[in-house]
Protein chains: 2
Amino acid sequence: MEPRTTRATLQTVADEVGVSRTTVSNAYSRPDQLNSALRERILEAARRLGYPGPDAAARSLRRGRAGAIGLVFTETLSYAFADPYSVGFLRGVAEVAESSGTGLLLIPMPPGTDEAETAMRDAVVDGFCLYCMPVRHPAKKVIQARGLPVVTTDENDDPSIPHVGIDERASARLAAEHLTRLGHRRVAVMVDHVVEPGRAGRATVEEQRDSECAVLHGRLGGYREVLEEAGVDWANVPVVAAGRNSRPAAAAAAAHLLDVADRPTAVLATGDVLALGVLDACEQRGLVPGRDISVAGFDDVPEAARARLTTVRQPMGEKGRRAARLLLDPRDPGEAVPRVQLPTELVVRATTGPVPR
Amino acid sequence: MEPRTTRATLQTVADEVGVSRTTVSNAYSRPDQLNSALRERILEAARRLGYPGPDAAARSLRRGRAGAIGLVFTETLSYAFADPYSVGFLRGVAEVAESSGTGLLLIPMPPGTDEAETAMRDAVVDGFCLYCMPVRHPAKKVIQARGLPVVTTDENDDPSIPHVGIDERASARLAAEHLTRLGHRRVAVMVDHVVEPGRAGRATVEEQRDSECAVLHGRLGGYREVLEEAGVDWANVPVVAAGRNSRPAAAAAAAHLLDVADRPTAVLATGDVLALGVLDACEQRGLVPGRDISVAGFDDVPEAARARLTTVRQPMGEKGRRAARLLLDPRDPGEAVPRVQLPTELVVRATTGPVPR
DNA sequence: GATCAAGTCTGTATCGATACAGTAGAAAGC
DNA sequence: GCTTTCTACTGTATCGATACAGACTTGATC
């Protein structure tokens, strides 16, 4: 193309062809509004002048819609791609977004409060999907202030925001009951992190209480109920944090459980990635899951099936699809705020078995 | 908040506080430009009026930057999350984008040409990363016309566009040479798709030639060179398409290779997901990989290590990081167009072995 | 007391498009 | 022949902000 001092706009093209700016706009956005010969002439001139088509930001401003929905993660973006559970969820969101021609903006969450608020304000989107965002996160206020549609997944206690999730407590109970039914009483729990991300090791009951993560509360609560019903004192149940939600981190943290005098006979992990890490640790130590020790996970990610992991299945993809639909399908103002609760089920595979004698 | 007939803007807040619009803008965007007491008064008034902060689209228009980079996939978005190779790449891109406060817009690619062009024009981004986009894709023109920074990965023959990739041909040779060195001459190849996505089955030499996918050409070319050097007639090498890049599809298509009279002694797959599918098919038939049949993949996705798959490792995450940096780091206009070629290596594991006798 | 600098704030001109109402001219209706 | 309808196009107002240059205080300096 020939170099120009200034970028070509609708007006440039309009002047060249000798029509109005509006007509050029129509040539792109509403082809049926003008004669097709003229349209061709306009597009031809646009090509010649190097006009790139209507500017996206300007169009977005004038039209009042962005053509994208924003996904907000509390963890780092790259983490979102590391966990198969997130990936399954994202995939569900992507399916629905895609089928309506909507883009997906993955919004980074900077560490500082001001920066985070700016990031939420700068996102050119038509709605937000909050993924595992703690109830009291500072950026949440900004998001709500923007007045766009919002849905939350998993984490939520605000009844004014539509929500897609599962019954965390009841689902966790499924795994715990499976273990107590098999006779296990010396049970340990492996979690991602409790208070501060990155800190690994045993978490006290107080720390468990102080966690801001509703999912964690729900799952630990479910475990606790069942174990207490079976006569176990929760204060004696080791709750070990891996620090990060990764297989190696869980394998390392599993040392706190496996290399001690009275090793638990069973481990409940609040996620499959953690459970798989525990299995790795067992393998290193020559412990056969299902015989020497029982391990149960949560989520039923694809790898779980291959590892023959007993777990609680939750429909990750469906969660994403439902969340996306809640954002994209317009709702009547009078309608009740939707709260979707998806079903879960226990999937018994090979990593759990009776108490070894 | 009190209901308002019209949305609050900078002006609304400015009028309320009795300052100029510019000052309110500064209160958000350049806090150092005004007295902090005044800033507080302004933010307070904004809260009271329900002003959500500067409008993202308007800000984007005026500033001339979007704060996001666009990722363009040719396949469906949901597919991007299904393949661990893509996920690794995305993760790399996300790491870099995130560290510079940039969002990631995943752009859907609609089927029709016009719709696709519109989608590319409507994306509010500061640059595009084209992921596995065929050289001659119609939407590519629109993207280039926008005049924003662009990088391509894998697929590329346009020297004017920066590129990050690997030496496909040489890398494919590594796998093929490994097999011929082990003595294999009856070798088959498994690919994703050749001409038309979704069509599974054997592909003729003509169809191979007609494929628009440069990655496929490179890899098949590498295999072919090595096999011909070993005295094999390429026309007799079965090239089987799985139709889709998925483990079950590959397992199903493997029937064309495994359930025939003169079964190949080795299978080269152009991707690990396909190779893993072939392994699944072997397992179903009681064939032990590495003993009864050799299977080699490409990519070295995380699952490959667990399946003990021999494969060619390419640095997926690094590819994403480099691509993102090329987009985000400004370059001198005079500078040569960067072309990054990342190293690959053969990883020999358990699924390849000598020819069974 | 004039000059200068720093710190704050204002005003205007734009960024690049689309919405919407309006108009000219041709074709159709009676 | 006059109104109506339709097609094809135009013009103006507006979307909501930021860039940039300027102006007004205030205090310090010589």
Side-chain angles (χ1 to χ4, degrees), chain A residues 4-15 17-42 45-46 49-67 118 121-126 145-148, chain B residues 4-15 17-42 45-46 49-67 118 121-126 145-148:
Chain A
R4 274 180 330 286
T5 52
T6 175
R7 191 150 58 115
T9 72
L10 278 187
Q11 189 68 65
T12 323
V13 179
D15 293 348
V17 182
V19 295
S20 78
R21 190 161 68 240
T22 304
T23 301
V24 180
S25 173
N26 285 336
Y28 284 95
S29 310
R30 310 153 82 157
D32 54 317
Q33 293 294 304
L34 41 62
N35 188 298
S36 68
L38 176 58
R39 173 159 194 253
E40 262 320 307
R41 269 176 57 218
I42 290 176
L49 295 169
Y51 174 66
D55 178 89
R59 170 177 264 192
S60 184
L61 170 61
R62 183 63 252 225
R63 285 190 160 165
R65 42 164 271 125
T118 303
R121 259 197 289 268
D122 270 356
V124 185
V125 296
D126 299 319
R146 284 192 60 175
L148 298 172
Chain B
R4 275 180 328 287
T5 51
T6 175
R7 191 151 57 114
T9 72
L10 278 186
Q11 189 69 65
T12 322
V13 179
D15 293 347
V17 182
V19 295
S20 79
R21 189 160 70 240
T22 304
T23 301
V24 179
S25 173
N26 285 335
Y28 284 95
S29 309
R30 311 151 82 156
D32 55 317
Q33 293 295 305
L34 41 61
N35 189 297
S36 69
L38 176 58
R39 174 159 194 254
E40 262 319 308
R41 267 176 59 217
I42 290 175
L49 294 169
Y51 174 66
D55 178 87
R59 168 176 266 194
S60 184
L61 170 61
R62 184 64 250 225
R63 285 189 160 167
R65 42 163 273 124
T118 303
R121 259 198 288 269
D122 271 355
V124 185
V125 295
D126 299 317
R146 285 191 59 174
L148 298 172

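Side chains included, hydrogens not; waters and symmetry mates left out as well; all remaining heavy atoms used. A, B, ... follow the sequence lines: proteins, then strands. Residue 1 opens every chain.
The two atoms that bring A/Val13 and A/Ala45 nearest to each other are CG1-CB, 4.4 Å, heavy atoms only. The two atoms that bring B/Pro52 and B/Ala8 nearest to each other are CD-O, 4.2 Å, heavy atoms only. Contact record, B/Ala56 with A/Ala123: CB-O, 3.4 Å, taken as the closest heavy-atom pair.
If you check every strand for non-hydrogen atoms under 4.0 Å, A/Ser29 touches sugar and phosphate atoms only.
Screening residues 53-67 of chain A for side-chain hydrogen bond (donor to acceptor under 3.5 Å, both in side chains), with sequence neighbours left out, gives A/Ser29-A/Arg59, A/Arg59-B/Asp122. Within the structure, the salt bridge (charged side-chain N to carboxylate O under 4.0 Å, His left out) test picks out no pair touching residues 23-38 of chain B (sequence neighbours left out).
For the helix from C/dG1-D/dC30 to C/dC30-D/dG1, the end axes, each set by the C1' atoms of five terminal pairs, are bent relative to each other by 40° (nearest 10°).
Between the P atom of C/dC15 and the CG atom of B/Asp55 lies a distance of 18 Å, rounded to the nearest Å. Look at CZ on B/Arg30: it is 5 Å from P on D/dA19, rounded to the nearest Å. Whole-Å rounding puts the A/Gln11 CD to C/dT14 P distance at 14 Å. Atom pair B/Arg63:CZ and C/dC15:C1' shows a separation of 13 Å (rounding to whole Å applied). In this structure, A/Arg62 places its CZ atom 5 Å from C1' of D/dC15, rounding to the nearest Å. The nearest whole Å value for the distance from the CD1 atom in A/Ile42 to the C1' atom in C/dA17 is 15 Å. In this structure, B/Leu61 atom CG and C/dT14 atom C1' are separated by 9 Å, rounded to whole Å.
Residues A/Tyr28 and B/Thr118 fail the side-chain proximity criterion, which asks for heavy atoms closer than 4.5 Å.
When the side-chain contact (heavy atoms from CB on, under 4.5 Å) test is applied to A/Leu38, the partners found at least two apart in sequence or on another chain are A/Val17, A/Val19, A/Thr23, A/Asn35, A/Arg41, A/Ile42. Here A/Gln11 pairs with A/Thr9, A/Ala14, A/Asp15, A/Arg21 under the side-chain contact (heavy atoms from CB on, under 4.5 Å) rule; sequence neighbours left out.
Taking side-chain N and O atoms only, B/Arg59 has no distance below 4.0 Å to OP1 or OP2 of C/dC15. At the phosphate of D/dG16, neither OP1 nor OP2 sits under 4.0 Å from any side-chain N or O atom of B/Tyr28.
Side-chain N or O atoms of B/Arg121 include none that pairs as donor or acceptor with a backbone N or O of A/Pro54 at under 3.5 Å.
The side chain of B/Leu10 has D/dT18 as its nearest neighbour among C/dT18, D/dT18, D/dC15.
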What does the list of N/O pairs under 3.5 Å between the protein and nucleotides 6-12 of chain C look like, with a distance for each?
residue, atom, partner, partner atom, Å
C/dC9, OP2, B/Asn35, N, 2.9
C/dT10, OP2, B/Ser20, N, 2.9
C/dT10, OP2, B/Ser20, OG, 3.2
C/dT10, OP2, B/Thr23, OG1, 2.5
C/dG11, N7, B/Thr22, OG1, 3.4
C/dG11, O6, B/Thr22, OG1, 2.9

